[in-house]
K.L.:
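Below is a structure I'd like to ask you about.
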Amino acid sequence: QVQLVESGGGLVQTGGSLRLSCAASGRTFSSYAMGWFRQAPGKEREFVAVIKNSGSSTYYADSVKGRFAISRDNAKNMVWLQMNSLQPEDTAVYYCAADRTLHNIVVLTPESWGQGTQVTISS
């Protein structure tokens, strides 16, 4: 299992940008697909983005496609989520997730996830 720590959340205005970071511990980071999901107050958890262990493929929720970009650096055990054109509906706690398969991240049953970082978009 990997340990995950997110950072980079904050308060920004509509249309602004944020870059979330996720630091992972463990020697097998490059074996894991990595992703992000979010949860807004009173709402269900929502898949956001996932990236293959090699970084060769990425997938996004329709709600963020074209605005968010996920990337990783296996040498640094890091994953990032670049978020642009932020909207009030993007307000949520964002969680970094890790699993051996893309599928488990997409369906929100990852092996590991972090403590979350708050993202708030003001209108």
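None of these values were measured; they are calculated from a predicted model.
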K.L.:
Taking atom CD of Q115 as the centre, report whether more than 12 heavy atoms of other residues, nucleotides or ligands fall under 6.0 Å from it.
P.N.:
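Yes, the 6.0 Å shell around CD holds more than 12 heavy atoms from other groups.
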K.L.:
For R45 and R38, indicate whether the former's side chain and the latter's backbone hold a donor-acceptor pair under 3.5 Å.
P.N.:
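No: the side chain of R45 does not pair with the backbone of R38.
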K.L.:
Would you tell me whether Y32 and E111 have side-chain atoms, one donor and one acceptor, within less than 3.5 Å of each other?
P.N.:
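Yes, E111 and Y32 have a side-chain donor paired with an acceptor closer than 3.5 Å.
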K.L.:
Rounded to the nearest 0.5 Å, what separation is found between the CG atom of L108 and the CG atom of D99?
P.N.:
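L108 atom CG to D99 atom CG measures 11.5 Å (nearest 0.5 Å).
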K.L.:
Can you confirm whether W113 sits close enough to F37 that some side-chain heavy atom of one is under 4.5 Å from a side-chain heavy atom of the other?
P.N.:
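Yes, side chains in contact.
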K.L.:
How many angstroms lie between CD in Q118 and CD in E6, if you round to the nearest 0.5 Å?
P.N.:
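The distance works out to 12.0 Å.
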K.L.:
Hydrogens and angles aside, do S123 and Q13 bring a side-chain donor and acceptor to less than 3.5 Å of each other?
P.N.:
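On atom types as modelled, these side chains do not qualify, holding no pair under 3.5 Å.
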K.L.:
Using distance alone, with no hydrogens and no angle criterion, decide if N84 and S17 have a side-chain donor and acceptor under 3.5 Å apart.
P.N.:
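Distance-only check passes for N84 and S17.
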K.L.:
Kindly compute the distance separating OG1 (T14) from CG (L86), expressed to the nearest 0.5 Å.
P.N.:
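Here the rounded value is 8.5 Å.
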K.L.:
Restricting to pairs with a member in residues 16-123, which pass disulfide bond (SG atoms under 2.5 Å apart), not counting sequence neighbours?
P.N.:
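Applying disulfide bond (SG atoms under 2.5 Å apart) to every pair that reaches into residues 16-123, excluding sequence neighbours, yields C22-C96.
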K.L.:
For residues 33-73, pull every pair meeting disulfide bond (SG atoms under 2.5 Å apart), keeping only residues two or more places apart or in separate chains.
P.N.:
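Sorted result for residues 33-73: empty, none.
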K.L.:
Nearest 0.5 angstrom please: L81 CG to R19 CZ, how far?
P.N.:
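So the CG of L81 and the CZ of R19 are separated by 10.0 Å.
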